[in-house]
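Quantities reported herein were computed from a predicted structural model and do not represent experimental measurements. Below, all heavy atoms of this structure are taken into account, side chains as well, without hydrogens, waters or symmetry copies. In what follows, every chain begins at residue 1, and chains take the letters A, B, ... in the order their sequences are listed.
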Protein chains: 2
Amino acid sequence: MRKISESTVRRLCGYLRLLEEFQRLGKTTVSSDELAVRGHTTPAQVRKDLSFFGSFGKRGLGYDVLDLTDRLRDIMGLNKTYRVTLIGAGKIGSALVQYRGFSERGFEVVSVYDNDESKVGDSWDSVTVRQVRDLEADLTAEPIHIAVLAIPASVAQEILDRLVKLGVKAVLNFAPTPLSHPSDVTVQNVNMAVELETLSYALRNCRDPDSR
Amino acid sequence: MRKISESTVRRLCGYLRLLEEFQRLGKTTVSSDELAVRGHTTPAQVRKDLSFFGSFGKRGLGYDVLDLTDRLRDIMGLNKTYRVTLIGAGKIGSALVQYRGFSERGFEVVSVYDNDESKVGDSWDSVTVRQVRDLEADLTAEPIHIAVLAIPASVAQEILDRLVKLGVKAVLNFAPTPLSHPSDVTVQNVNMAVELETLSYALRNCRDPDSR
DNA sequence: TACTGTGAAGAACTTCACAGCA
DNA sequence: TGCTGTGAAGTTCTTCACAGTA
């Protein structure tokens, strides 16, 4: 299949969320126009995004809500449960593990690691915090699909290297530093500082934030 | 000034972080090549991004680390303190308020709101959780620069509308729903579900996650 | 008739390649 | 000589516009 751009993939996630909303509202059919208005994009964009994967609509009618939901879930690989491990038992990690959207969408946190002995052994929901030095032994015994890095920038590369050696192919990185990794490993970066600074830039350049 | 793309702005944040790193390492001068390698981009991209704002380098030499840091901080509007309010005193909100990178970079959380009476009055660090119905009175008395929405999708639009009426021009939204807002208001969306689903898509489409 | 699916046009972004300067 | 700054070329992404069909 042709290479799909990251923006398309991210929009597909959005359509999925909107479809679930339309479903709750009792709609059985939806047009590219309705998806576009609700999702702040254009009908052409919606149709183009979907067309990369096939023809899911009916001309003159639109898309069947349930059918399109299923197909998108399939395209996104969301019809299975993913085993997730969290590295770093700090505040961000804690908030993430407790986040319901996580498990609701099939992402199950099966283990938490930290190198701080005072945290090791703590019980988090149903999982116990383990020593990060046991990573190799544990992940070899019970492989995981996705690793979440909620650790300081200074140790992120080292941990990522170890995860890559263990065969992990998908990583969600909260450490504010660019990480090197083989091209068959996907690393998604989430960086709060970048989001805030983007807002700072917007305030700075569109209007003096103190001028109102 | 010409319109700068969001990708450029996000990369500028990255350069800033790298410059601080180079500074800690004692480097006084840096080339577009070094920034590119460390930031996983290209030298041409670095130079082009910077060139939108001026000529900060010396031909044959590179960029002065301290000088470029200053100029970038200025471009990004990071030479001032921003007053931030957090709406939603749940887990995400709690993790955010405690996040040090926040205050270190000049983003000061000055108030927290919730509509849950059992949370109102709680002390969070130095701020007390307030009733969200006091939003109008409080923000009129003491305006803020940035609002962070850590609330359910179902109430996010309503709260945003109230914030817009109060003159807030920058919002960081953690609610997993597209929000409508005037074009002079900047809304940055952070959506954990999208990040995880992007990883799911990558696992699904590059290699069967169970095949290793 | 109403809306999809899609080539083709247009816009935005990235990379190239080289002139110009310390 | 070495590296920046920048038009021009190349590539990717978005929008247009219309043929096709339920």
Side-chain angles (χ1 to χ4, degrees), chain A residues 1-15 18-19 22 27-72 75 178 183 194 198 201, chain B residues 1-15 18-19 22 27-72 75 178 183 194 198 201:
Chain A
M1 171 175 324
R2 209 197 106 177
K3 173 69 165 46
I4 302 299
S5 77
E6 171 155 352
S7 4
T8 292
V9 174
R10 298 180 78 89
R11 279 192 300 267
L12 292 179
C13 298
Y15 303 153
L18 295 182
L19 285 167
F22 282 123
K27 278 186 78 73
T28 55
T29 267
V30 76
S31 68
S32 58
D33 228 54
E34 293 169 295
L35 282 169
V37 169
R38 183 67 188 85
H40 304 303
T41 177
T42 64
Q45 183 78 81
V46 173
R47 296 200 299 275
K48 181 68 87 178
D49 285 340
L50 296 175
S51 78
F52 293 134
F53 300 93
S55 303
F56 308 137
K58 289 190 176 50
R59 291 172 198 239
L61 256 161
Y63 302 88
D64 181 88
V65 171
L66 289 176
D67 177 56
L68 187 56
T69 305
D70 275 358
R71 284 163 178 281
L72 281 181
I75 290 164
S183 64
V194 172
T198 302
Y201 175 84
Chain B
M1 170 176 321
R2 208 197 106 175
K3 173 68 166 48
I4 303 297
S5 76
E6 171 155 352
S7 3
T8 292
V9 174
R10 299 179 78 91
R11 279 191 300 266
L12 292 179
C13 299
Y15 304 153
L18 295 182
L19 284 167
F22 282 123
K27 278 188 78 73
T28 56
T29 267
V30 75
S31 67
S32 58
D33 230 52
E34 293 170 295
L35 282 170
V37 168
R38 182 68 187 83
H40 303 303
T41 176
T42 64
Q45 183 77 79
V46 173
R47 296 201 299 276
K48 181 67 87 179
D49 285 340
L50 296 175
S51 78
F52 293 134
F53 300 93
S55 303
F56 306 136
K58 289 190 175 51
R59 291 169 200 240
L61 256 161
Y63 303 89
D64 181 89
V65 171
L66 288 177
D67 178 57
L68 187 57
T69 304
D70 275 358
R71 284 163 177 280
L72 281 181
I75 290 164
S183 64
V194 172
T198 302
Y201 176 83

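- Rounded to whole Å, the distance from CG on A:Leu61 to P on C:dA2 is 12 Å.
- Nearest heavy atom pair, residue A:Leu35 against residue A:Tyr15, reads CD2-O, 4.4 Å.
- For A:Ser31, the side chain to side chain contact (heavy atoms under 4.5 Å, CB included) partners are A:Asp33, A:Glu34, not counting sequence neighbours.
- At least one side-chain nitrogen or oxygen of A:Tyr63 sits closer than 4.0 Å to the OP1 or OP2 atom of C:dG5.
- Between the CZ atom of A:Arg71 and the P atom of C:dG5 there is a distance of 10 Å, rounded to whole Å.
- Where A:Lys58 and A:Ser7 meet DNA chain D, the nucleotide closest to each residue was compared, and A:Ser7 sits on the side nearer the 5' end.
- Following rounding to the nearest Å, A:Leu68 (CG) and C:dC3 (C1') show an atom-to-atom distance of 14 Å.
- With distances taken from any side-chain atom of B:Arg11 to the nucleotides C:dT14, C:dA22, C:dG5, the minimum falls on C:dT14.
- Listed by chain and residue number, A:Thr8, A:Asp49 satisfy the side-chain hydrogen bond (donor to acceptor under 3.5 Å, both in side chains) test with A:Arg11 (two or more places apart in sequence, or in another chain).
- Closest heavy-atom contact between A:Val30 and A:Leu19: CG1-CD2, 3.9 Å.
- In this structure, A:Leu35 places its CG atom 19 Å from P of C:dA2, rounding to the nearest Å.
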Under a 4.0 Å heavy-atom criterion, the protein footprint on nucleotides 15-21 of chain D, written with B, S and -, is BBB-BBB
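- Rounded to whole Å, the distance from CD on A:Glu6 to P on D:dT11 is 22 Å.
- Applying the side chain to side chain donor-acceptor pair (under 3.5 Å) rule to pairs touching residues 54-66 of chain A yields nothing, sequence neighbours excluded.
- In terms of the side-chain hydrogen bond (donor to acceptor under 3.5 Å, both in side chains) criterion, residue partners of B:Arg47 (sequence neighbours excluded) are, by chain and number, B:Ser32.
- C:dT6 atom P lies 14 Å from atom CZ of A:Phe53, rounded to whole Å.
- Taking atom CZ of A:Phe56 as the reference point, atom P of C:dT6 lies 11 Å away to the nearest angstrom.
- Taking atom CD of B:Glu34 as the reference point, atom P of D:dG2 lies 14 Å away to the nearest angstrom.
- A search for side-chain hydrogen bond (donor to acceptor under 3.5 Å, both in side chains) contacts involving A:Asp67 returns A:Arg71, not counting sequence neighbours.
- Between C:dT6, D:dG5, D:dA22, one nucleotide has an atom nearer to the side chain of A:Ser51 than all others, and that is C:dT6.
- Nucleic acid contact for B:Ser32: sugar-phosphate only, since backbone atoms but no base atoms lie under 4.0 Å from a heavy atom of the residue.
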